[in-house]
Amino acid sequence: MITKRIPKFIYVFTILLLVACSKTEDNVPLTSPTALISVDKLVRKASLVNQNIPFKIINEEGEDVTALAIFYVDGVEIDGLSFSSNVIGEFEVYGVYMEDGIEITTNTESFSVIIPKRKIVVEDYTGTWCGFCPRVTAALHGLEEETDNIAVVAIHETANSFPDPMHFDQVQILKDAYDVEGFPAARVNRSTNWAQPHLASDITSIAGLDTNLAIAINSQVTNNELLVQVNVVYEEGSAPGDKLVVYLIEDTIIYDQVNYYDGDNTSPYHNLGDPIPNFVHNDVLRKSLTGVLGNSIPSTEALTEYITSFQISVSSDYVIDNLKVVVMVVDDNNTAKNAQFAQLSEDKSYE
């Protein structure tokens with residue numbers, strides 16, 4: 001008998017996905033015909049404890065040969081075409097099947113079984129005209145040095161005769177929903193005020209804790225058309241009123257920033273000018289792919305993935321290399337339960 005090892009084990013993750021773009025007038029997404037997105041990989045990179053983990057093999061001719069295969073996890077033959085684990089850990093899988101009298105052994109790939117960790121949403125209501133707003137920016141810089149388990153969104157607003165080129169058209173909806181009045185204002189998980197002096201410990205004390213839902217993001221950009229896929233999985237099933245929020249964010253926007261801390265020798269912005277020329281604005285909310293307060297998540301059973309997608313044309317005003325996606329699941333009170341973020345074209349698994 002001849003044994004052949006093929007160089008690639010392909011798991012084709014193919015799902016009919018809802019294509020949507022945001023409709024700013026009433027925050028109801030527009031829908032159009034479905035689109036197809038495929039990702040070549042053997043196995044989902046991360047899954048929850050006791051979640052079913054399917055394997056699939058597509059051969060070099062594009063044929064699904066999964067049913068012909070025997071799969072081995074950590075070197076041990078398993079029964080069937082999928083696997084689950086009641087403990088967390090790192091695992092390896094490969095498959096063996098016969099094709100034209102030749103035994104083919106796939107490459108080995110790794111996957112994880114995890115308990116989800118919570119990412120905290122921090123939203124910064126700000127403006128280039130707002131002289132006190134750099135204090136929140138400084139607090140966020142310090143926070144980002146202490147934890148990766150945060151998803152930051154900077155929401156800009158024009159004020160009367162003081163235009164802000166990063167103005168978010170639906171900012172008033174958010175301000176009304178979360179009782180935001182004066183700027184600067186910072187909110188944790190959408191609904192909790194991050195009060196001055198904006199202590200990092202307010203957030204690090206809750207960031208990265210175990211939680212019961214996870215979010216994955218994948219995206220593709222083709223000729224300025226952006227397709228974003230979002231996967232959500234719950235340990236115990238969704239709750240009534242849960243919603244999905246998907247935002248397009250841009251980093252490294254250069255624009256002058258009014259700075260009332262120019263004369264404050266305790267501020268990192270001391271002696272940088274007022275305004276600070278060529279200030280770098282990060283995490284800027286550019287567009288909501290869902291309704292700005294979220295789209296309803298249909299009833300989803302425990303350990304079953306809810307999968308959807310959104311498609312928009314990326315404005316020529318945006319720098320694609322500086323764009324990323326922030327996703328959050330919020331409850332019926334619009335408080336964030338968990339979040340995830342990813343650069344464009346990054347396949348971000350459950351964490």
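Everything quoted here is computed from the prediction, not taken from an experiment.
Tyr247 places none of its side-chain heavy atoms less than 4.5 Å from the side chain of Asp283. For the pair Ile53 and Arg44, the minimum side-chain heavy-atom distance is below 4.5 Å. Between Asp124 and His198 the shortest side-chain heavy-atom distance does not fall below 4.5 Å. Contact annotation: the side chain of Phe279 approaches that of Thr137 to within less than 4.5 Å [non-hydrogen atoms, C-beta and beyond]. Looking only at side-chain heavy atoms (C-beta outward), Leu293 and Val245 stay at 4.5 Å or farther from each other. Counting heavy atoms from C-beta outward, Leu68 and Met98 have side chains that stay 4.5 Å or more apart. Side-chain contact between Thr211 and Glu235 is absent, with no heavy atoms from C-beta onward closer than 4.5 Å. Between Tyr97 and Ile104, some side-chain heavy-atom pair lies under the 4.5 Å cut-off.
Transitive grouping of hydrophobic side chains (ILVMFWY, heavy atoms separated by less than 4.5 Å) keeps Met166 and Phe183 in distinct clusters. Under a hydrophobic-cluster definition in which Ile, Leu, Val, Met, Phe, Trp and Tyr are linked whenever side-chain heavy atoms come within less than 4.5 Å, directly or via other members, Ile120 and Val327 are assigned to different clusters. One hydrophobic cluster, built from ILVMFWY side chains closer than 4.5 Å, holds both Leu289 and Val314. In this structure, Met328 is not a member of the same hydrophobic cluster as Ile203, with clusters built from ILVMFWY side-chain heavy atoms closer than 4.5 Å. Cluster membership for Val113 and Tyr350, using ILVMFWY side-chain heavy atoms within less than 4.5 angstrom, is not shared.
Ring pair Phe91/Phe111 is parallel by interplanar angle, where below 30° counts as parallel and above 60° as perpendicular. Taking the six-membered ring where tryptophan is involved, the planes of Tyr261 and Phe132 are perpendicular, since the angle between them exceeds 60° and thus also 30°.
Applying side chain to side chain contact (heavy atoms under 4.5 Å, CB included) to Ile58 and the options Glu61, Glu60, Lys56 leaves one that passes, Lys56. Checking each of Lys175, Glu157, His156 against Tyr125 for a side chain to side chain contact (heavy atoms under 4.5 Å, CB included) leaves exactly one that passes, namely Lys175.
Side-chain contact check for Asn212 and Lys337: no donor-acceptor pair (N or O, by modelled atom type) lies under 3.5 Å. Inspection of the Thr335 and Ser191 side chains reveals an N or O donor paired with an N or O acceptor under 3.5 Å. Asp242 and Tyr234 are linked by a side-chain donor-acceptor pair at a separation below 3.5 angstrom, with hydrogens and angles left out of the test. No side-chain N or O of Asn107 forms a donor-acceptor pair with one of Glu109 less than 3.5 Å apart. If you check the side chains of Gln257 and Thr128, you find no donor sitting under 3.5 Å from an acceptor.
Of all heavy-atom pairs between Thr290 and Val246, the closest is OG1-N, 3.1 Å. Across all non-hydrogen atoms, the minimal contact from Gly95 to Phe71 is CA-CD2, 4.0 Å. The minimum heavy-atom distance linking Leu244 with Thr308 is given by the pair CD2-CG2, 3.7 Å. Taking each heavy atom of Pro298 and Ser238 in turn, the nearest pair found is O-OG, 3.7 Å. For Val180 against Ala185, the heavy-atom pair with the smallest separation is CG1-CB, 3.8 Å. Asp264 approaches His270 most closely through the heavy-atom pair O-CB, 3.0 Å.
Between the CG atom of Asn231 and the OG atom of Ser309 there is a distance of 10.0 Å, given to the nearest 0.5 Å. Atom-to-atom distance recorded for Asn278:CG and Asp256:CG is 6.0 Å, nearest 0.5 angstrom. The CD atom of Glu305 sits 10.5 Å away from the OG1 atom of Thr300 when rounded to the nearest 0.5 Å. Rounding to the nearest 0.5 angstrom, the gap separating the CG atom in Asn218 from the CD1 atom in Ile307 is 11.0 Å. In this structure, Thr126 OG1 and Asp164 CG are separated by 7.5 Å, a value rounded to the nearest 0.5 Å. We find the CZ-CG distance between Phe168 and Leu174 to be 6.0 Å, quoted to the nearest 0.5 Å.
No side-chain donor-acceptor contact under 3.5 Å links Lys243 to the backbone of Asn334. Asn259 contributes no side-chain N or O that, together with a main-chain N or O of Ile276, makes up a donor-acceptor pair within less than 3.5 Å. Although no hydrogens or angles enter the test, the distance criterion places no donor-acceptor pair under 3.5 Å between the side chain of Ser112 and the main chain of Glu90. Checking side-chain atoms of Lys45 against main-chain N and O of Asp347 turns up a donor-acceptor pair under 3.5 Å. Distance alone, capped at 3.5 Å, places no donor-acceptor pair between the Asn86 side chain and the Asn50 backbone. Without hydrogens or angle criteria, Arg187 side chain to Asp179 main chain gives a donor-acceptor distance under 3.5 Å.
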task: I would like to know whether Lys117 and Asp210 meet salt bridge (charged side-chain N to carboxylate O under 4.0 Å, His left out); could you show each step before the answer?
output: CA-CA 5 Å; Lys117 304 298 182 184; Asp210 291 352; 2.3 Å; yes
message: Between Phe83 and Val93, is the side-chain contact (heavy atoms from CB on, under 4.5 Å) condition met? List the steps.
response: CA-CA 10 Å; Phe83 173 80; Val93 61; over 6 Å; no
message: Run the side-chain contact (heavy atoms from CB on, under 4.5 Å) test on Val188 and Asp202 for me, step by step, so that the C-alpha distance in whole Å, both residues' side-chain angles and the decisive distance to 0.1 Å come before the verdict.
response: CA-CA 9 Å; Val188 176; Asp202 294 342; 5.9 Å; no
message: Walk me through whether Tyr94 and Thr106 qualify under side-chain contact (heavy atoms from CB on, under 4.5 Å).
response: CA-CA 6 Å; Tyr94 67 88; Thr106 69; 3.6 Å; yes
task: Mind running side-chain contact (heavy atoms from CB on, under 4.5 Å) on Leu226 and Tyr318 for me, showing each step along the way?
output: CA-CA 12 Å; Leu226 170 62; Tyr318 306 165; over 6 Å; no
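Residue Glu301 places its CD atom among 12 or fewer non-hydrogen atoms of other residues, nucleotides or ligands, all under 6.0 Å distant. Crowding of Asp100 atom CG: a count of heavy atoms from other residues, nucleotides or ligands under 6.0 Å not exceeding 12. Within a 6.0 Å radius of CG in Asp148, other residues, nucleotides and ligands contribute 12 heavy atoms or fewer.
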